[in-house]
Amino acid sequence: MDLPHQVYRPTKPRARAAPPTADSILFDDTSSVAPAMNTQGYYTPGYNMAGPSHDLQGGAVPNNMFADPMANAAMVYGSSLANQGKDMMNKEISRFMSVNKLKYFFAVDTKYVMKKLMILMFPYTHQDWEVRYHRDAPLTPRQDVNAPDLYIPTMAFITYILLAGMALGIQKRFSPEVLGLCASTALVWVIIEVLVMLLSLYLLTVHSDLSTFDLIAYSGYKYVGMIFTVLCGLLFGSDGYYVALAWSSCALMFFIVRSLKMKILPSLSSDSIGTGSSAKPQFRLYITVAIAVFQPVVIYWLTSHLVR
């Protein structure tokens, strides 16, 4: 029996497989691109916490540091410390100086400043010198032109220092040391004058509503006359200086006497009835006159070296 004859058939050559494309890669390369956060808000391993995120336009968006609970706690704690320090500072300042009382002396406006300057330079035409009150509290300077303020003395002091520097520069005697000495001397004179007035009122047991700020204000009004005197000296020489000195001195003395008369002298009758320890009426009058007479001396002392 014949066996079937096997015929050899050559196999087809196998085609070489093409290199794998990006779509057929089995494992993704995660070394360069950070995987996205999952939708459930859990942390995905391999996510770069420090890397900047990108918005839809491709710009870098800084990390939100306030989302960290520790950062929020630190900010709250720092704010509480700052508020506590501010409260402590205000409390310590209030022990020596009332901030509300100080605000009262700077409650001015342009109308008040112009009227007050006219009274300081031409006090002879002013008739009503009484300080007005509302519910046992004095009206603010912007409401009462007779109320003392600290705005005009402060601005006049600064202007006097600048004018002194200009006068020294014109005479080629300017130097920072000389200007500093001029400013410190003017400030020390005010402090000494206020301390002497407080001591005199205390030793003579004068009961009045004059506060320390009131005395500083009345003592600082002299700088308005000093500015006028120095300007006249620079413009008209020594003759103009002495004429301006005489005018400003007389005007300031008249202003001080009429102003302090409403503060010190009205309590003479009430204190002198039945009290042997109270100061005599003439002593209080002497204090008022002495304060007024002392002003021209200080004006001359602080301005004579600026005019030559």
Side-chain angles (χ1 to χ4, degrees), residues 105 108-133 138-157 159-160 163 186 189-190 193-194 197 206 208-210 213-268 281-282 284-304 307:
F105 288 93
V108 301
D109 54 8
T110 305
K111 184 178 179 181
Y112 166 82
V113 172
M114 297 302 296
K115 286 185 177 180
K116 196 71 169 186
L117 292 177
M118 291 298 296
I119 293 175
L120 288 172
M121 298 307 300
F122 305 98
Y124 314 106
T125 59
H126 190 60
Q127 300 298 328
D128 186 12
W129 294 87
E130 184 177 359
V131 178
R132 296 177 176 83
Y133 288 81
L139 296 178
T140 59
R142 69 165 61 98
Q143 297 171 336
D144 183 14
V145 71
N146 295 321
D149 71 287
L150 289 175
Y151 176 81
I152 293 178
T154 302
M155 294 296 104
F157 177 81
T159 306
Y160 163 73
L163 187 61
W189 270 111
V190 172
E193 183 178 353
V194 172
M197 287 189 291
V206 176
S208 66
D209 57 350
L210 280 173
F213 291 137
D214 292 329
L215 297 179
I216 294 175
Y218 287 119
S219 178
Y221 285 137
K222 69 169 66 72
Y223 292 109
V224 177
M226 292 166 59
I227 294 172
F228 175 72
T229 303
V230 174
L231 283 176
C232 291
L234 294 177
L235 294 176
F236 306 106
S238 59
D239 295 336
Y241 168 78
Y242 286 109
V243 172
L245 177 63
W247 178 269
S248 60
S249 298
C250 294
L252 185 60
M253 286 191 297
F254 187 86
F255 172 81
I256 293 294
V257 170
R258 293 302 301 268
S259 299
L260 294 183
K261 180 181 178 181
M262 307 305 299
K263 296 283 188 177
I264 297 178
L265 298 183
S267 60
L268 291 177
Q282 60 267 25
R284 300 188 180 194
L285 182 61
Y286 293 160
I287 292 177
T288 305
V289 175
I291 295 173
V293 173
F294 187 69
Q295 305 303 314
V297 178
V298 180
I299 293 177
Y300 177 77
W301 180 265
L302 295 177
T303 59
S304 58
V307 179

For a quick test of your reading: what N or O donor-acceptor pairs under 3.5 Å do the side chains of residues 110-118 make, sequence neighbours left out?
| unit_1 | atom_1 | unit_2 | atom_2 | d |
| --- | --- | --- | --- | --- |
| Tyr112 | OH | Ala147 | O | 2.9 |
| Tyr112 | OH | Asp149 | OD1 | 2.6 |
| Lys116 | NZ | Val145 | O | 2.9 |
| Lys116 | NZ | Ala147 | O | 3.4 |

Identify all side-chain donor-acceptor contacts of residues 291-301 below 3.5 Å with residues at least two apart in sequence or on another chain.
| unit_1 | atom_1 | unit_2 | atom_2 | d |
| --- | --- | --- | --- | --- |
| Gln295 | OE1 | Lys222 | NZ | 3.1 |
| Gln295 | NE2 | Glu193 | OE2 | 2.3 |
| Gln295 | NE2 | Ile291 | O | 3.0 |

Name each donor-acceptor pair under 3.5 Å that joins a side chain in residues 226-238 to protein atoms two or more places apart or in another chain, with its distance.
| unit_1 | atom_1 | unit_2 | atom_2 | d |
| --- | --- | --- | --- | --- |
| Thr229 | OG1 | Gly225 | O | 2.7 |
| Thr229 | OG1 | Ser248 | OG | 3.2 |

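Contact between Leu302 and Tyr160 at its shortest, heavy atoms only, is O-OH, 2.6 Å. A pairwise comparison of heavy atoms in Asn146 and Val131 identifies O-CG2, 3.9 Å as the closest pair.
Other residues, nucleotides and ligands place no more than 12 heavy atoms under 6.0 Å from the OH atom of Tyr151.
Within the structure, no pair that satisfies the salt bridge (charged side-chain N to carboxylate O under 4.0 Å, His left out) test touches residues 227-253, not counting sequence neighbours.
Side-chain atoms of Trp247 and Phe122, non-hydrogen and from C-beta on, do get closer than 4.5 Å to each other.
Remark: Thr288 OG1 to Met253 CE distance equals 14.0 Å, nearest 0.5 Å. With rounding to the nearest 0.5 angstrom, the CG atom of Leu210 is 6.0 Å from the CG atom of Leu260. To the nearest 0.5 Å, atoms OG (Ser219) and CH2 (Trp189) are separated by 11.0 Å.
For Tyr133, there are no ring pair (Phe, Tyr, Trp, His ring centres under 6.0 Å) partners two or more places apart in sequence or in a different chain. Taking Asp144 as the reference, Arg132 meet the salt bridge (Lys or Arg N to Asp or Glu O under 4.0 Å) condition, with sequence neighbours excluded. Residues passing the ring pair (Phe, Tyr, Trp, His ring centres under 6.0 Å) test with Tyr242: none are found, sequence neighbours excluded. Considering only residues two or more places apart in sequence or on other chains, Arg142 meets the side chain to side chain contact (heavy atoms under 4.5 Å, CB included) condition with Ala107, Asp109, Thr140. Under the ring pair (Phe, Tyr, Trp, His ring centres under 6.0 Å) criterion, Phe255 pairs with Trp129, Tyr221, sequence neighbours left out. Among residues two or more places apart in sequence or in another chain, the side chain to side chain contact (heavy atoms under 4.5 Å, CB included) test is passed with Gln127 by none. Partners of Phe157 under the ring pair (Phe, Tyr, Trp, His ring centres under 6.0 Å) rule, at least two apart in sequence or in another chain, are Tyr223.
In summary, the side chains of Thr303 and Tyr241 do present a donor paired with an acceptor at a separation below 3.5 Å, with no hydrogens or angles considered.
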